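Reading through the structure tokens given below for one structure.
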Number of protein chains: 2
Amino acid sequence: MSNPLDQVFSALADPTRRAILALLLEDDMAVTDVAEPFAMSLAAISKHLSVLAEAGLITQEKRGRVKWCKLEPDALRTASVWMQGFGQFEAVDLDGLERFLAAELGDPGPDAPPASFSV
Amino acid sequence: MSNPLDQVFSALADPTRRAILALLLEDDMAVTDVAEPFAMSLAAISKHLSVLAEAGLITQEKRGRVKWCKLEPDALRTASVWMQGFGQFEAVDLDGLERFLAAELGDPGPDAPPASFSV
DNA sequence: CATATCGTCAACCATCCGGTTGAATATGGC
DNA sequence: GCCATATTCAACCGGATGGTTGACGATATG
């Protein structure tokens with residue numbers, strides 16, 4: 001499964017992994033803290049985090065004995081662009097898209113509070 | 001796997017299924033014709049089509065002995081909206097988005113030739 | 001140093017997935 | 001009625017996936 005679209009979509013296909021991404025939307029977190037809300041073992045969460053990391057959806061950095069997990073939303077772009085191909089329109093200018101969205105939303109900037117949404 | 005996001009993302013995780021969707025982007029097709037370009041059995045393609053139909057990404061209508069497959073791009077919206085939540089921005093107004101894209105592309109309209117893109 | 005915490009590894013298990021084959025079930029045409 | 005075509009069904013197979021548990025290495029802390 002080398003195709004990045006394979007990796008991203010199959011990473012997103014699991015509700016636990018989507019919930020993890022939603023958690024990381026609020027802040028960077030240590031593996032143990034990511035695992036805390038879930039009713040499964042730390043090892044299971046660790047595996048989920050590996051899947052997300054291989055898909056490029058998160059990065060992990062070890063500082064001391066703690067491994068910090070950081071969301072990488074840019075990894076969604078390839079998949080998003082692929083999906084956009086199924087609308088009425090053709091290619092998408094993502095930079096223009098962001099300008100459009102920023103303008104439409106009054107440009108809350110990168111520190112805007114994250115939206116909450118279901119997994 | 002009742003969650004529609006589960007179904008859509010895992011349907012999209014397979015390259016054969018993405019290729020099928022790309023085929024159907026050009027036109028509605030019978031099952032046999034969908035299967036023709038692929039180096040696998042008709043039964044395998046039939047299963048893939050079932051997965052896509054259960055995810056809502058296509059609909060199938062039987063006329064005579066032929067079952068026609070039709071792309072349903074709207075099924076991508078839920079997933080697309082979910083993904084947009086991970087950008088710098090919050091909620092996305094998809095109708096405004098489409099107006100934006102139509103304007104930016106010179107409004108080729110619904111009969112615009114489909115973009116070709118890799119699976 | 002001793003001990004607790006963080007995280008992964010390895011082995012195992014049940015289930016799902018993507019493919020095959022061969023038989024079965026329509027439906028259409030002569 | 002008979003044969004060809006279109007599609008699915010059922011059984012099977014190997015490999016991936018998602019979970020468990022227990023042991024382990026590495027890092028903090030008293």
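Here is how names work: the chains are called A, B, and so on, in the same order as the sequence lines, proteins then strands, and each is numbered from 1. Only a predicted model underlies this, so the values are computations on that prediction, with no experimental measurement involved.
Counting to the nearest Å, the P atom of D/dT17 and the CD atom of A/Gln7 are 10 Å from each other. C/dT20 atom P lies 13 Å from atom CZ of B/Phe38, rounded to whole Å. A/Met29 has its CE atom 13 Å from the P atom of C/dC6, to the nearest Å. Straight-line distance from the CG atom of A/Asp6 to the C1' atom of C/dG18: 13 Å, rounded to whole Å. When the P atom of C/dG19 is taken as reference, atom CG of B/Leu49 falls 12 Å away, rounded to whole Å. Computed from coordinates, the B/Met40 CE to C/dT20 P distance equals 6 Å when rounded to whole Å. Atom CD in A/Glu36 sits about 15 Å away from atom P in C/dT5, given to the nearest Å. To the nearest angstrom, P of C/dT8 lies 13 Å from CD of A/Glu54.
By the rule that hydrophobic residues join a cluster once side-chain heavy atoms approach within less than 4.5 Å of another member, A/Leu49 and A/Leu25 end up as members of one cluster.
Comparing atom distances between the B/Leu42 side chain and each of D/dT20, D/dT8, C/dT20 picks out D/dT8 as nearest. The side chain of B/Ser41 has C/dT21 as its nearest neighbour among D/dG19, C/dT21, C/dG19. Picking from D/dA6, C/dT20, C/dT8 the nucleotide with the shortest atom distance to the side chain of B/Thr32 gives D/dA6. Closest contact between the side chain of B/Gln60 and the listed nucleotides C/dG7, D/dT8, C/dG19 involves D/dT8. Each of D/dT7, C/dC6, C/dT8 was ranked by its minimum atom distance to the side chain of B/Lys67; first place goes to D/dT7.
Mapping A/Ile45 and B/His48 onto DNA chain C via the closest heavy atom, the residue that lands nearer the 5' end is A/Ile45. Position along DNA chain D of the nearest nucleotide to B/Ser50 versus A/Lys62 favours B/Ser50 as the more 5'-ward residue. Taking the nucleotide of DNA chain D with the nearest heavy atom to each of B/Val66 and A/Ala44, the more 5' of the two is matched to B/Val66.
Looking at heavy-atom distances under 4.0 Å, B/Ala30 makes contact with sugar-phosphate atoms alone, never a base.
Smallest separation of non-hydrogen atoms from A/Ile45 and A/Ala35: CG1-CB, 3.7 Å.
Note on B/Arg63: every side-chain N or O is 4.0 Å or more away from OP1 and OP2 of C/dT27. Listed pair A/Ser46 / C/dG7 fails the phosphate criterion, with no side-chain N or O lying under 4.0 Å from OP1 or OP2.
Proximity of a side-chain donor or acceptor of B/Glu61 to a complementary backbone N or O of B/Lys67 within less than 3.5 Å is not detected.
Side-chain atoms of A/Lys47 and base atoms of D/dG19 include a donor and an acceptor less than 3.5 Å apart. Remark: the B/Arg65 side chain and the D/dT5 base include a donor-acceptor N/O pair separated by less than 3.5 Å.
For the pair B/Leu5/A/Pro15, no side-chain contact is recorded, criterion being any heavy-atom separation below 4.5 Å from C-beta on. Side-chain atoms of A/Val31 and A/Leu42, non-hydrogen and from C-beta on, do get closer than 4.5 Å to each other. Two residues are said to be in side-chain contact when any heavy atoms from C-beta on lie closer than 4.5 Å; A/Trp82 and B/Leu21 meet this criterion.
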